[in-house]
Amino acid sequence: MNDDPLSRIRVVLVRTSLARNIGSAARAMKAMGVTQLVLVNPKSFPDAEADALASGADDLLRGAHVVGSLAEGIADCVAAYALSARAREWGPTESFVREAAAKGVARTAQGEVAFVFGNEASGLSNEELLACQEHVFIPANPAFSSLNLAQAVQIVAYELRMAAAGRARPPAEGLPPATMADLEGLYAALDEAALASGFLDPAQPGRLHARWRRLISRAQPEREEVNILRGLLRALMKRWRDGANS
Ligand code: SAH
């Protein structure tokens, strides 16, 4: 059933240390009907321990995509949700898992959607969090809020299943949304212009990156809107370089 919203949802595991967690995550996913697994720099994969813990979900492991960076794993997605128990001073907009699952399922109307999980010991870095559009919390005991990786995947997969609840994906409306790769292109262009103009002091970048990522993520721009901004920045940079060289 390829109009199943869950078929457009991928679980992205970043720098997973323990192969058995990859196996348990696959089992947790398959039981909820979430089948796309992406592994960013796993420590050991394929691995017999992953196979053993997947018990019957080994087809998900065989179909898993192994990639070298988070950016690569989510480049073609229209939305990416980062799971982290740790509150950050500056990060993307925050939400709870139930709300994020509902939003994620709704956004499958427009394209692929990622739920991103961190390493067992260190979680997701601030940079990895800012590569996504939302920071998602699983409500937990504030004094003991860090779940086992595969158990966190289980809860997310369950919430996704409840949010999808056998519904077919609604038809796409409006113009194509920007993908994560389009957004990274815009951030890079903003960075270049901010540095070239002297607006941004590289020694003291402050919160600038986090702030524009947060702003643009909130706006959920169309691809064409992002292209307009990138085009404008490119034209300004060209004029600036031509001026600098004359
Ligand atoms: N020690 C790590 C936590 C690792 S738990 C840290 O300090 O960040 C492994 C992964 O499971 C996390 O990176 C996160 O993606 C997910 N996770 C665990 N508990 C969570 C919670 N309460 N809310 C959101 N994500 C959680």
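Counting convention: from 1, in listed order, for ligands and their atoms alike.
- Leu232 belongs to a hydrophobic cluster whose remaining members, ordered by chain and number, are Leu236; membership requires side-chain heavy atoms of ILVMFWY residues under 4.5 Å apart, directly or through intermediates.
- Within the 4.5 Å cutoff, no side-chain heavy atoms of Phe137 are placed close to those of Val97.
- Going from atom CZ of Arg223 over to atom CG of Leu186 covers 13.0 Å, rounded to the nearest 0.5 Å.
- The ring-ring contact (aromatic ring centres under 6.0 Å, His included) analysis of residues 81-114, with sequence neighbours excluded, yields the pairs Tyr81-Phe115.
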Would you tabulate the polar-atom pairs, meaning N/O of ligand 1 against N/O of the protein, with distances under 3.5 Å, reported to 0.1 Å?
| from | atom 1 | to | atom 2 | distance (Å) |
| --- | --- | --- | --- | --- |
| ligand 1 | 1 (N) | Ala121 | O | 3.1 |
| ligand 1 | 7 (O) | Arg86 | NE | 3.1 |
| ligand 1 | 8 (O) | Arg86 | NE | 3.2 |
| ligand 1 | 8 (O) | Arg86 | NH2 | 3.3 |
| ligand 1 | 13 (O) | Gly118 | N | 3.1 |
| ligand 1 | 15 (O) | Leu83 | O | 2.6 |
| ligand 1 | 15 (O) | Gly118 | N | 3.1 |
| ligand 1 | 19 (N) | Leu147 | N | 2.9 |
| ligand 1 | 22 (N) | Ile138 | O | 3.1 |
| ligand 1 | 22 (N) | Ser145 | O | 2.8 |
| ligand 1 | 23 (N) | Ile138 | N | 2.9 |
| ligand 1 | 25 (N) | Ser84 | N | 3.4 |

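- Considering CZ of Arg234 and CZ of Arg239, their distance stands at 15.5 Å, rounded to 0.5 Å.
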Show me the side-chain donor-acceptor pairs of residues 19-32 shorter than 3.5 Å, one per line, residues at least two apart or across chains.
| from | atom 1 | to | atom 2 | distance (Å) |
| --- | --- | --- | --- | --- |
| Asn21 | OD1 | Asn148 | ND2 | 3.3 |
| Asn21 | ND2 | Glu120 | OE2 | 3.0 |
| Ser24 | OG | Arg20 | O | 3.1 |
| Arg27 | NH1 | Ser55 | OG | 3.3 |
| Lys30 | NZ | Gly56 | O | 3.0 |
| Lys30 | NZ | Asp59 | OD1 | 3.1 |
| Lys30 | NZ | Asp59 | OD2 | 3.2 |

